[in-house]
Amino acid sequence: MDEETPLERERRAKVARWRADGREPYPWSFPGRVDSGVVRAACAALAPGTEEPARSFRVGGRLKIVRQHGRTAFVDLEDLAGGLQLILRVDELGEEAYRAWLADLDPGDLVGADGIAAVSRRGEPSLLVRSLTLLAKAITPPPEKYHGLQDVEERLRRRYVDLLASAEVRERFRVRTLLVREIRQYFDALDFLEVETPILQTVASGAAAAPFVTRSNYLGRELQLRIAEELPLKRLLVGGLERVYEIGRAFRNEDLDSTHSPEFTELEAYWAYADYHDMRRLTEGLYERLARRTVELWPDRPEVARAAERFQPPFPTLDFVDALEAASGIPRLLEKSREELRALARAAGSTVPDNSSTGTFLDKLFEHYVEPSIDRVTFVVDFPTATTPLAKRHRSKPGRVERFEVFAPGFELANAYTELTDPDEQEERFRSQLGERGDDAYAHDADFVEALRYGLPPTTGIGMGIDRLVMALLGLSSIKDALLFPLVRSR
RNA sequence: GGGCCCGUAGCUCAGCUCGGUAGAGCAGGCGGCUCUUAACCGCAAGGUCAGGGGUUCGAAUCCCCUCGGGCCCGCCA
């Protein structure tokens with residue numbers, strides 16, 4: 001990789017030739033450029049084999065393919081709007097310039113062109129080129145023109161090559177960004193305030209997960225990267241902000257697999273004076289809108305259309321306990337002891353540690369018996385109290401909390417509750433988790449309990465993984481396909 | 001953490017079963033061609049077969065180890 005290949009030597013020689021002619025192979029700017037769609041639109045009115053000399057255009061993009069045909073050459077130029085065929089002719093450019101350009105241009109070069117709209121005799125919208133400008137010489141050649149970059153490892157390690165070689169990959173990440181924009185617009189329109197809370201924390205809490213650890217030279221002590229946004233955001237509601245949300249990175253010190261990334265983008269939203277029924281309506285509305293928007297943004301994609309069907313409201317609802325008892329045939333689950341639940345989880349094939357909490361064993365049973373049958377976006381509601389230390393107890397179902405999760409086939413999309421607002425009960429829940437001495441306990445955040453003593457209004461909150469939401473909406477099977485730069489081992 | 005599979009030219013892939021000194025297409029070089037769409041035709045060039053060790057007269061091919069990756073399972077909301 002450090003060695004220069006013969007191909008690169010050739011291309012460096014072309015750069016040298018360029019400079020020797022007094023031309024800059026890496027110029028500073030290219031003013032007046034329009035995207036290729038503008039020229040294609042201008043071509044729409046033209047008959048095959050004709051051109052419109054009255055108006056000239058300037059385009060710029062990456063050179064994909066040259067089809068040289070003697071004294072005419074066809075060049076495919078690609079930009080974010082799609083691309084355009086350039087027609088180079090000896091008659092337009094002159095013998096010498098024509099030869100020089102074809103000698104010095106390679107696939108992968110960034111090229112600007114001035115010319116007029118023209119439609120080829122075969123009907124291809126084109127720019128009949130009057131002059132060309134090299135915008136950046138590519139020393140390393142791009143992947144093969146037809147198959148592109150196939151090597152999965154290379155696609156992840158050098159995402160820029162994956163992107164430049166594949167319009168589909170570019171479109172996937174463009175759509176992701178536009179969907180996040182849509183989410184912001186949804187919450188903004190409901191008068192939620194977008195806020196930013198600390199990533200560096202003294203104790204990472206709000207979820208059961210191993211944190212990344214770092215160190216502050218200034219404080220002279222260890223800090224942890226956040227594993228959730230929840231506790232700082234609820235403090236803001238204590239402070240009177242009433243409706244807040246944050247979209248940001250959370251970090252969990254765990255493996256990467258098809259649905260987990262050690263760093264992932266998390267949306268959390270908290271809504272005072274509302275409960276989880278309200279949040280459920282909000283969520284259904286958001287998902288319906290996102291599914292519709294995705295189809296708009298990326299039409300004619302079967303994966304997207306199939307995914308959108310799974311987002312058709314109203315979403316079906318499963319009661320956690322009823323569904324689990326029905327699917328497993330095990331009655332009165334809430335009356336089982338931790339030891340009994342552990343045995344049941346073992347029987348269902350789970351190998352979680354013996355010291356796991358009651359809630360973890362229940363989660364494992366649910367994963368085993370119920371999750372595989374979920375084939376569309378589904379609300380799962382009213383979890384056992386033991387699974388959920390930060391949610392308020394259910395107003396009518398004993399032993400449960402007011403909580404829903406949204407499941408897509410294969411993974412969880414979101415998790416929401418009516419928030420626990422009683423400081424003493426919160427203290428007790430943190431302690432009882434620690435009392436079980438599980439590795440999966442939430443870290444006790446004493447300052448958070450203190451905040452609750454000032455009074456948190458009745459509140460509902462939700463957390464959702466944006467990467468997984470993008471997967472579900474675009475029909476992706478791996479979270480790596482939703483991340484621009486997934487974590488990879490250094491080589 | 002366990003199992004299975006993969007790593008050959010810049011890129012996409014053959015060759016490995018059954019050991020005999022590395023092959024194609026694209027890209028690049030040279031030549032031809034004024035409407036192509038992965039243009040086409042001809043010629044020449046391009047390799048640490050992931051890395052290391054072993055077996056063998058001889059290893060891309062067989063064996064072991066290491067590195068990197070993929071899929072499944074487990075763990076992690």
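Source: prediction; values computed, not measured. So that the names make sense, note that chain A is the first sequence line, chain B the second, and so on, each numbered from 1.
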Given side chains that start at C-beta, do those of A/Ile247 and A/Phe187 come closer than 4.5 Å, heavy atoms only?
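Not in contact.
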Heavy-atom distance under 4.5 Å between the side chains of A/Arg11 and A/Pro141, does that happen here?
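Counting from C-beta outward, A/Arg11 and A/Pro141 do come under 4.5 Å.
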If you compare every side-chain N and O of [X] against the phosphate oxygens of [N] (OP1, OP2), does one of them come in below 4.0 Å?
{"X": "A/Arg67", "N": "B/A39", "result": "yes"}
{"X": "A/Lys14", "N": "B/G29", "result": "yes"}
{"X": "A/Ser350", "N": "B/C75", "result": "yes"}
{"X": "A/Lys145", "N": "B/A27", "result": "yes"}

Say you pick atom [atom1] in [N] and the same atom in [M]; how far apart are they, in whole Å?
{"N": "B/U17", "M": "B/G29", "atom1": "C1'", "answer": "39 Å"}
{"N": "B/A50", "M": "B/G3", "atom1": "C1'", "answer": "23 Å"}
{"N": "B/U56", "M": "B/G69", "atom1": "C1'", "answer": "31 Å"}
{"N": "B/C49", "M": "B/C40", "atom1": "C1'", "answer": "33 Å"}
{"N": "B/A24", "M": "B/C5", "atom1": "P", "answer": "30 Å"}
{"N": "B/A59", "M": "B/G1", "atom1": "P", "answer": "35 Å"}
{"N": "B/U55", "M": "B/G47", "atom1": "C1'", "answer": "25 Å"}
{"N": "B/C57", "M": "B/G19", "atom1": "C1'", "answer": "12 Å"}

Need to verify one output field. Residue with the more 5' nearest nucleotide on RNA chain B, A/Ser478 or A/Thr259?
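First, find each residue's nearest nucleotide; the 5'-ward one identifies A/Ser478.
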Round to the nearest Å and state the distance from [X] atom [atom1] to [N] atom [atom2].
{"X": "A/Arg99", "N": "B/C33", "atom1": "CZ", "atom2": "P", "result": "8 Å"}
{"X": "A/Asp255", "N": "B/C71", "atom1": "CG", "atom2": "C1'", "result": "15 Å"}
{"X": "A/His368", "N": "B/C75", "atom1": "NE2", "atom2": "P", "result": "11 Å"}
{"X": "A/Asp257", "N": "B/G2", "atom1": "CG", "atom2": "C1'", "result": "15 Å"}
{"X": "A/Leu7", "N": "B/G47", "atom1": "CG", "atom2": "P", "result": "11 Å"}

Taking atom CD of A/Glu196 as the centre, report whether more than 12 heavy atoms of other residues, nucleotides or ligands fall under 6.0 Å from it.
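Not buried by this count: 12 neighbours or fewer within 6.0 Å.
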Under 4.0 angstrom, heavy atoms only, what part of the nucleic acid is [X] near: base, sugar-phosphate, or nothing?
{"X": "A/Lys480", "value": "sugar-phosphate"}
{"X": "A/Gly349", "value": "nothing"}
{"X": "A/Ile87", "value": "nothing"}
{"X": "A/Val352", "value": "sugar-phosphate"}

May I ask which nucleotide in the shown strands pairs with B/C30, Watson-Crick or G-U wobble, both distances under 3.5 Å?
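Check on B/C30: paired to B/G42, both distances under 3.5 Å.
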My understanding is that a pair needs two contacts under 3.5 Å, Watson-Crick or G-U wobble. By that rule, which nucleotide pairs with B/C4?
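Because both required distances fall under 3.5 Å, B/C4 counts as paired with B/G70.
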Looking only at N and O atoms, is any donor in the side chain of A/Asp151 or the base of B/C11 less than 3.5 Å from an acceptor on the other one?
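Not at all, since no donor on one side and acceptor on the other fall under 3.5 Å apart.
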Quiz item: cation-pi between A/Arg400 and A/Phe320, 6.0 Å / 45°:
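Here A/Arg400 fails the 6.0 Å and 45° test against A/Phe320.
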Is a salt bridge present between A/Glu266 and A/Arg226, judged by a nitrogen-to-oxygen distance below 4.0 Å?
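A salt bridge is absent here (no side-chain N lies under 4.0 Å from a carboxylate O).
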Going by the side-chain hydrogen bond (donor to acceptor under 3.5 Å, both in side chains) test, name the single residue among A/Asn415, A/Asp382, A/Thr385 that passes it with A/Arg403.
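Per the side-chain hydrogen bond (donor to acceptor under 3.5 Å, both in side chains) rule, the option paired with A/Arg403 is A/Asn415, out of A/Asn415, A/Asp382, A/Thr385.
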